[in-house]
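Values below: every heavy atom of this structure, side chains too, minus hydrogens, waters and symmetry copies.
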Amino acid sequence: MAKIAIIGLGSVGASTALSLIHQRVQATLLLVDTNSTLRDAQAITQVRASTHREASQADVVVITAGAKYTPGETSIQHLYQKISILKSILTETNPFNPNTILIIVANPVDLLTTLAQDISGLSRPKVFGIGTCLESARLRDEVSRLSGRRVDGYVVGVKGEYWCEEAD
């Protein structure tokens with residue numbers, strides 16, 4: 001059976017795990033978080049707590065770990081914090097199984113995905129990011145709510161500091 005590791009069990013990571021469970025994906029989920037209490041609380045049927053080392057051998061690794069803006073923090077400070085978190089995760093997780101597919105779900109998606117491609121040791125096609133999917137879902141939900149009908153729409157680009165402070 002395939003293994004899917006999710007590193008970072010905040011709102012996005014926990015939602016990703018729940019979505020995979022609801023979709024009945026035939027895989028073992030490996031949950032990794034620095035907060036072991038949070039990690040252990042998320043572990044339920046066919047899901048178990050794990051380590052970075054074990055996650056590195058999964059078929060798919062989804063990194064959702066990040067940080068919320070703190071009051072007074074600049075966008076540049078926040079960016080450096082996200083880079084530091086990703087570097088730490090990749091250092092603890094290396095070496096990856098060469099067949100692992102690494103998915104980065106964080107913003108700014110292009111920068112963090114490129115960093116992951118450089119650090120992970122995996123071939124570039126095995127590392128990709130889907131950061132703006134979250135903003136696209138938020139956009140569709142809000143426009144659908146306001147219009148009273150289903151809509152399609154996509155966000156392209158980086159969200160601004162104001163949006164981050166309000167949304168996160």
Given 3.5 Å as the limit, does a donor-acceptor pair link the side chain of [X] with the main chain of [Y], or not?
{"X": "T64", "Y": "G8", "result": "yes"}
{"X": "T91", "Y": "K87", "result": "yes"}
{"X": "S144", "Y": "D141", "result": "no"}
{"X": "T100", "Y": "Q57", "result": "no"}
{"X": "H78", "Y": "A67", "result": "yes"}
{"X": "T16", "Y": "V12", "result": "yes"}
{"X": "R145", "Y": "R140", "result": "no"}
{"X": "D59", "Y": "I4", "result": "no"}

Side chains of [X] and [Y]: does their closest heavy-atom pair fall under 4.5 Å?
{"X": "I119", "Y": "L86", "result": "no"}
{"X": "L9", "Y": "N35", "result": "no"}
{"X": "E142", "Y": "S147", "result": "no"}
{"X": "V61", "Y": "I101", "result": "no"}
{"X": "H52", "Y": "S56", "result": "no"}
{"X": "I103", "Y": "F128", "result": "yes"}

Nearest heavy atoms of [X] and [Y], plus distance in Å:
{"X": "A17", "Y": "L29", "value": "O-CD1, 3.8 Å"}
{"X": "A116", "Y": "L102", "value": "CB-CD2, 4.1 Å"}
{"X": "A55", "Y": "A5", "value": "CB-CB, 3.5 Å"}
{"X": "Q81", "Y": "E73", "value": "OE1-OE2, 3.1 Å"}
{"X": "S120", "Y": "N94", "value": "O-OD1, 2.8 Å"}
{"X": "T113", "Y": "G129", "value": "OG1-CA, 3.3 Å"}

Going through the distances and angles, do V32 and I6 end up as a side-chain contact (heavy atoms from CB on, under 4.5 Å)? CA-CA 6 Å; V32 181; I6 300 175; over 6 Å; no
Hey, could you give me the [atom1]/[atom2] distance between [X] and [Y], rounded to the nearest 0.5 Å?
{"X": "T51", "Y": "L31", "atom1": "OG1", "atom2": "CG", "result": "12.0 Å"}
{"X": "T93", "Y": "I63", "atom1": "OG1", "atom2": "CD1", "result": "6.0 Å"}
{"X": "I21", "Y": "L18", "atom1": "CD1", "atom2": "CG", "result": "6.0 Å"}
{"X": "Y80", "Y": "I85", "atom1": "OH", "atom2": "CD1", "result": "15.0 Å"}
{"X": "Q117", "Y": "T114", "atom1": "CD", "atom2": "OG1", "result": "5.5 Å"}

Can you run down the salt bridge (charged side-chain N to carboxylate O under 4.0 Å, His left out) pairs that involve residues 100-127, sequence neighbours left out, and say none if there aren't any?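 Those involving residues 100-127 are D118-R124.
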According to a 4.5 Å side-chain heavy-atom criterion applied to Ile, Leu, Val, Met, Phe, Trp and Tyr, with indirect links allowed, do L90 and L30 form part of one hydrophobic cluster? no
